[in-house]
Amino acid sequence: QAKSDFVSFVAHEMRSPLTSISGFSAMLQSQERQAASQNSAQSTLNGASTASSQRAKFLGIIHDESERLTRLINSLLDVARIEAGQPIELHHEAFAFSEACSTAIDSQRGYSSRHRIDCELPVDMPPIWADRDKVTQILINLISNAMKYSPGGQVSIRAQLVDSNSSKFVRVSVSDQGPGIAPEDQVRLFQRFGRAATPVAVGIGIGPGGKSKPTGTGLGLFLTRHFVETHGGQIGVRSELGHGATFWFTLPLTER
């Protein structure tokens, strides 16, 4: 209990300075972009253009990493609430699932130049009835894992409408072209601190047989499962070694 209280306290205390770092770096980014557009004619003198470009790049990295650390801290706080038996509050609203997809994809695209992320949704897809921030976090967690556990290639997001027993819901899948997940690892993926060992890369491919230590905190899929089930949905994984992995989940739709 003391450990849980300590983690929760530290996480709360870390959020304040991170909010400042993220906010001020975003402000500096905006000022940098404005200055670059206003002084584009003179910016090529004395290498000013290169220096300005580097500043913008470094500010972007600061902002992105502070946002990632903020998500980690929020994950720790959510786990602390779950362990304490407190429910995760959901703020339901009707919104387009494509909006959550775009936000999640944009947040992850900059972390890897070796992956391509695409999203294919039904043309007639109605709004979903869910917590926008939590749905976005579900997608971010699954896309991040797909990129982390595959050497490159396509990360595909697909959705299909399902009508079962008078209930309408959307079934979403996130697939990668990685080495797949062994059956013994699949059973513990959605548990707290449950992580799969990653195959050791050889060259640009994946080496046969070898595995490295698990990466990450082991909290992402645990929280993802909790967010999905709190919405009344289900989550699972399909994978064969050597043939990538597909994580899927369901969410309720608003009534037409």
Side-chain angles (χ1 to χ4, degrees), residues 15 18-34 36-37 52-75 78 90-91 93-123 125 127-128 130-160 170-178 215-217 219-221 223-224 227-228 231 235 244-249 251:
R15 276 210 298 195
L18 267 175
T19 300
S20 297
I21 292 170
S22 179
F24 283 117
S25 62
M27 187 183 301
L28 288 171
Q29 273 185 294
S30 177
Q31 292 176 351
E32 194 71 30
R33 283 193 295 266
Q34 291 176 4
S37 61
S52 178
S53 176
Q54 287 182 333
R55 285 195 298 271
K57 177 182 178 182
F58 296 155
L59 285 171
I61 292 172
I62 291 171
H63 181 69
D64 290 345
E65 292 303 304
S66 64
E67 289 292 295
R68 183 161 66 166
L69 188 51
T70 298
R71 287 195 295 271
L72 173 58
I73 289 172
N74 288 335
S75 294
D78 285 335
L90 298 181
H91 302 283
E93 62 176 311
F95 64 94
F97 183 72
S98 59
E99 297 173 0
C101 277
S102 297
T103 301
I105 291 172
D106 290 343
S107 75
Q108 297 302 300
R109 234 178 212 132
Y111 288 116
S112 173
S113 59
R114 297 174 289 105
H115 294 83
R116 302 180 308 278
I117 310 173
D118 75 293
C119 182
E120 185 177 312
L121 306 178
V123 177
M125 184 171 177
I128 63 173
D131 185 307
R132 185 192 299 260
D133 290 339
K134 294 295 187 292
V135 171
T136 302
Q137 189 61 51
I138 289 168
L139 289 167
I140 287 175
N141 288 347
L142 295 181
I143 295 170
S144 174
N145 272 7
M147 295 168 66
K148 184 190 306 179
Y149 286 92
S150 61
Q154 194 82 13
V155 174
S156 302
I157 304 169
R158 300 287 183 267
Q160 64 182 98
V170 60
R171 191 177 194 274
V172 183
S173 64
V174 179
S175 304
D176 63 56
Q177 296 179 326
T215 60
T217 61
L219 297 178
L221 288 177
L223 285 172
T224 299
F227 291 157
V228 169
H231 277 93
I235 189 170
T246 296
F247 286 84
W248 60 268
F249 64 94
L251 290 173

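Residues take their numbers from the sequence shown, with the count starting at 1. Heavy atoms only: backbone and side chains are in, while hydrogens, waters and symmetry mates are out.
Here His115 pairs with nothing under the ring-ring contact (aromatic ring centres under 6.0 Å, His included) rule; sequence neighbours left out.
Among Gln160, Arg158, Arg171, the single residue meeting the side chain to side chain contact (heavy atoms under 4.5 Å, CB included) criterion with Trp248 is Arg171.
When every heavy atom of Ser144 is checked against every heavy atom of Gln108, the shortest pair comes out as CB-OE1, 3.5 Å. Heavy atoms only, all atoms of each residue included: Ser107 and Ala104 are closest at OG-O, 2.7 Å. Closest non-hydrogen pair, Ala130 versus Phe95, comes out as O-CE2, 3.5 Å. Ala94 approaches Pro127 most closely through the heavy-atom pair CB-CB, 4.3 Å.
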Go through the steps for Thr224 and Phe249 under the test side chain to side chain contact (heavy atoms under 4.5 Å, CB included), then give the verdict. CA-CA 9 Å; Thr224 299; Phe249 64 94; 5.9 Å; no
Go through it in stages, so that I can follow the logic: the residues are Asn145 and Asn141, the test is side chain to side chain contact (heavy atoms under 4.5 Å, CB included), and I'd like the CA-CA distance, side-chain angles, deciding distance and then a yes or no. CA-CA 6 Å; Asn145 272 7; Asn141 288 347; 5.9 Å; no
Stepwise, does the side chain to side chain contact (heavy atoms under 4.5 Å, CB included) test hold for Phe247 with Ile138? CA-CA 11 Å; Phe247 286 84; Ile138 289 168; over 6 Å; no
Assess whether side chain to side chain contact (heavy atoms under 4.5 Å, CB included) is satisfied between Asp133 and Phe227, documenting all intermediate values. CA-CA 10 Å; Asp133 290 339; Phe227 291 157; over 6 Å; no
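Atom CD of Glu120 sits about 11.5 Å away from atom SG of Cys101, to the nearest 0.5 Å. Rounding to the nearest 0.5 Å places CD1 of Ile117 at 11.5 Å from CG of Asp176. Here the straight-line distance linking atom CG of Leu221 with atom CD1 of Ile235 works out to 6.5 Å at 0.5 Å rounding. Between Ile128 atom CD1 and Glu93 atom CD the span is 9.0 Å, to the nearest 0.5 Å. A distance of 7.0 Å separates CZ of Phe97 from CD1 of Ile157, quoted to the nearest 0.5 Å. With rounding to the nearest 0.5 Å, the separation of CG in Leu90 from NE2 in His231 is 4.5 Å.
Applying the salt bridge (Lys or Arg N to Asp or Glu O under 4.0 Å) test to pairs two or more places apart or on separate chains, those with a residue in residues 103-113 are Asp106-Arg109.
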